[in-house]
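Note that this is a predicted model, so its numbers are computed, not measured. Along the sequence shown, residues are numbered consecutively beginning with 1. We count ligands from 1, going down the list as the structure has it; atoms in each ligand are counted the same way.
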Amino acid sequence: MVNTDLIPKYWYNIVPDLPKPLPPPRDPPEAEFSRIELLKKILPKEVLRQQFTIERFIKIPEEVRDRYEAIGRPTPLIRAKRLEEYLGTPAKIYFKYEGATPTGSHKINTAIPQAYFAHEEGVEHVVTETGAGQWGTAVALAASMYDMNSTIFMVKVSYEQKPMRKTIMELYGGNVYASPTDLTEFGRKVLKENPNHPGSLGIAMSEAIEYALNHGYRYLVGSVLDVVLLHQSVIGMEAIAQLEELGEEPDVLVGCVGGGSNFGGFAYPFIGAKKGKKFIAVGAAEVPKFSTGRYEYDFPDSAGLLPLVKMITLGKDYVPPSIYAGGLRYHGVAPSLSLLVREKMIEWKEYEEEQIFEAARLVMKTQGIVPAPETSHALRAVIDEALEAKKNNEKKVIVVNFSGHGLLDLGNYESIKRRIGNKK
Ligand SMILES: Cc1ncc(COP(=O)(O)O)c(C=O)c1O
């Protein structure tokens, strides 16, 4: 039995603690309609309220805390001793293992409260997009917890690469479509220009929002927006308490970045508590947001239905290379994380597929866990930090957010393995 007292009673919001005010979401100048007004029709009311709150702590409803407990929170903090030994490092490595939830990733941490708030408001059907399928799976489960229907627009390449994710979403009761679809005006427009379009998260997001608007359903948001990072703060709050129980002071905190939600949820409570010396956000070299993205107002979705947010972005129409199987394909970085990276409070790194594949295999060989390809990016940085500590003979404490397991991503690893070989 885990100590459920460690499940936090509050979510932590970093917005009031940022070194500079966060540039607010805004409407495009001379827009034909207000995106901010439209948000009121898209998001459950309480989700919208939390998106714009400047309170530092927000109470987690008891019902949501119970659900967190039911899915196995607090998730384990695992000391990766075998990995340390293999690397011969004096550093200690800890995994905050979010793969332990029933859906296999951190995404359920925000799906549950969003579904709960929607249900409380009488919503019967929720809609979202998904890339790898982790978010879609979390929404399908959370919707089923509250007897709501769910419709999920899944990026077409992933839909084809990951049929098992579709199966699990359907088993939870979700309806899954490969985006671009012909169910929305935006999807039809994309298909008209290119019938073989592989899809992107930005397009799938726009389709989900349009579909929700057309049917009077509500849209659940999986990353990027502040409210999502707020809900994900349970990860970091738990990790702080777990490290305290062990008497450990963290030095380096590492996480991977798609839209930024697992990273923010894990790292921000440490920043708020003034713990940790170095923060590393890790992206994919194949989707080079940190190295080549621009810091500017851009739309989170390709159709531009959501308000503009100031973020590091490759552009709303960005389409990642189809052959690439490492995840982290979203075009932007959450506004608060973009700001912290720009202020140099958080470092970034980018790794290529081959490097993350090697990291995944090393973690499998030493610790046995199959990491999600997304998580493998963070693990690569952990290994490099541990080797650096070895060179300098430093007893650092490195903590990584192990955002998900890869048991439904074996197709991705198979495709990388075929391309680069399976050397030990
Ligand atoms: C296991 C896992 N980790 C990380 C991510 C990246 O998303 P985010 O940056 O919002 O945590 C995803 C996205 O689907 C994921 O499935």
Which atoms of ligand 1 have any heavy atom of A372 under 4.0 Å away? 1 (C)
For R294, is the CZ atom crowded, meaning more than 12 foreign heavy atoms sit under 6.0 Å from it? no
I need the nearest protein heavy-atom contact for atom 2 (C) of ligand 1: residue, atom name and distance, please. S403 OG, 3.5 Å
Side chains of E238 and Y68: any donor to acceptor distance under 3.5 Å? no
Numbering as shown, the atoms of ligand 1 that approach G259 to under 4.0 Å (heavy-atom distance): 7 (O), 8 (P), 9 (O), 10 (O)
Is the count of non-hydrogen atoms from other residues, nucleotides or ligands lying under 6.0 Å from R419 atom CZ greater than 12? yes
Is S261 touching ligand 1 with its side chain, its backbone, both, or neither, if touching means heavy atoms under 4.0 Å apart? both
Please confirm whether H106 comes under 4.0 Å of ligand 1, counting heavy atoms of the residue only. yes
Regarding atom 4 (C) of ligand 1: of the candidates V333, I235, T130, N262, which has the closest heavy atom? N262
Test of proximity, G258 against ligand 1: N or O pairs below 3.5 Å: yes
Starting from atom 10 (O) of ligand 1, locate the nearest protein heavy atom and write down its residue, its atom name and how far away it is, to 0.1 Å. S223 OG, 2.5 Å
Establish, from distance only, whether the side-chain atoms of N262 and E374 form a donor-acceptor pair under 3.5 Å. no
So is there a nitrogen or oxygen of T375 less than 3.5 Å from a nitrogen or oxygen in ligand 1? no
Ignoring hydrogens, just give me the one of Q134, H377, K107 whose non-hydrogen atom is nearest atom 12 (C) of ligand 1. K107
Quick check on K59: does its NZ atom have over 12 non-hydrogen neighbours (other residues, nucleotides or ligands) under 6.0 Å away? yes
Any heavy atom of G260 sitting closer than 4.0 Å to ligand 1? yes
I want to know if ligand 1 touches S105 in the polar sense, i.e. an N/O pair below 3.5 angstrom. no
Please check if any side-chain donor atom of Y94 sits under 3.5 Å from a side-chain acceptor atom of E248, or the reverse. yes
Should we count OH of Y86 as having more than 12 external heavy atoms under 6.0 Å? no
E124 CD: over 12 foreign heavy atoms closer than 6.0 Å: no
What atoms in ligand 1 come closer than 4.0 Å to a heavy atom of V257? 9 (O)
Do Y219 and E129 have a side chain donor and acceptor closer than 3.5 Å? yes
